[in-house]
Amino acid sequence: DAKTTQPNSMESNEEEPVHLPCNHSTISGTDYIHWYRQLPSQGPEYVIHGLTSNVNNRMASLAIAEDRKSSTLILHRATLRDAAVYYCILKSGNTPLVFGKGTRLSVIA
Amino acid sequence: GAGVSQSPSNKVTEKGKDVELRCDPISGHTALYWYRQSLGQGLEFLIYFQGNSAPDKSGLPSDRFSAERTGGSVSTLTIQRTQQEDSAVYLCASSLDISGYTFGSGTRLTVV
């Protein structure tokens, strides 16, 4: 499986933007970049995914580098409810998601 | 319902007993996945069902673990002769093609 590298933890102030980085230097042409998050005591939740172009949805934006070797999940305005572990995962075809350790985001009021 | 439903939400069992965990996926979702998450650990893939294809069992930790999916819908994960190291939250997810997964709330299994 292609691997991703994320910081273990990040901290943000409430109501400020958060940029969560992910490196995936060995990404292949068929790999989609998926982001999930897991709030405390809950199952993971789908956030966003993309292939080459930047993507926006109601939860977040995904900025993908031109060479696709890195990406950034952007939360435009962090709230306390965004405190979670954020997972960046490469997925190709029907292969199951493989979760790494993710980034634990803390949001400070 | 609109989401993935898992039951029971909590299960306490004695070491050596068999347990069955149930997952009811979103209607129409062709793919179903089982994961487990031990306390403070990441998610570990167990097994994956896609349509009528043979399941991908590559993540099952031992032959005490098995799963089936009946009629392309409900799935049951069975753990035989439970051990204390089986204690974890067992999560089920379903998806439609390459879309995002929807996870259930999980079953917290405690083996005493």
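First the proteins, then the strands, lettered A, B, ... as listed; each starts at 1. Excluded from the calculations below are hydrogen atoms, water molecules and symmetry mates; all remaining heavy atoms, backbone and side chain alike, are included.
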Open item on the list: For residues A:Ile74 and A:Leu62: do they belong to one hydrophobic cluster (side chain heavy atoms under 4.5 Å, members Ile, Leu, Val, Met, Phe, Trp, Tyr)?
Closed with: no
Open item on the list: Side-chain heavy atoms nearer than 4.5 Å, only ILVMFWY residues, links allowed to pass through others: does that put A:Val47 and A:Val18 together?
Closed with: yes
- [ ] Return yes if some donor-acceptor pair links the side-chain N/O of B:Tyr48 with the main-chain N/O of A:Asn94 below 3.5 Å, else return no.
- [x] yes
Open item on the list: Is it the case that the ring center of A:Phe99 lies less than 6.0 angstrom away from the ring center of B:Tyr35?
Closed with: yes
- [ ] Check whether B:Ile79 and B:Trp34 end up in the same hydrophobic cluster, where Ile, Leu, Val, Met, Phe, Trp and Tyr are linked by side-chain heavy atoms less than 4.5 Å apart.
- [x] yes
- [ ] Check B:Gly100 against A:Tyr46 and note the closest heavy-atom contact, atom names and distance.
- [x] CA-CD1, 3.6 Å
Open item on the list: With a 4.5 angstrom heavy-atom cut-off, is it the side chain or the backbone of B:Gln37 that approaches chain A, or both, or neither?
Closed with: side chain
TODO: Look at atom CG of A:Asp67 and say whether more than 12 heavy atoms of other residues, nucleotides or ligands are closer to it than 6.0 Å.
DONE: yes
Task: Neighbour count >12 (heavy atoms, 6.0 Å) for atom CD, B:Glu85 - done: yes
TODO: Ignoring hydrogens and angles, tell me if any N or O in the side chain of A:Tyr36 forms a donor-acceptor pair with the backbone of B:Tyr101 under 3.5 Å.
DONE: yes
TODO: State plainly whether one hydrophobic cluster holds both B:Leu91 and B:Ile47, where clusters connect Ile, Leu, Val, Met, Phe, Trp and Tyr through side-chain heavy atoms under 4.5 angstrom apart.
DONE: no
Task: Distance, nearest 0.5 Å, that separates CZ of B:Phe103 from CG of A:Leu97 - done: 6.5 Å
TODO: Using non-hydrogen atoms and a 4.5 Å limit, figure out which bit of A:Ile48 sits close to chain B: side chain, backbone, both or neither.
DONE: neither
Open item on the list: What verdict does the side-chain contact (heavy atoms from CB on, under 4.5 Å) test give for A:Gln38 and B:Leu43, after you've listed the backbone C-alpha separation in whole Å, the side-chain angles of each residue and the deciding distance to 0.1 Å?
Closed with: CA-CA 10 Å; A:Gln38 187 171 22; B:Leu43 282 91; 3.5 Å; yes
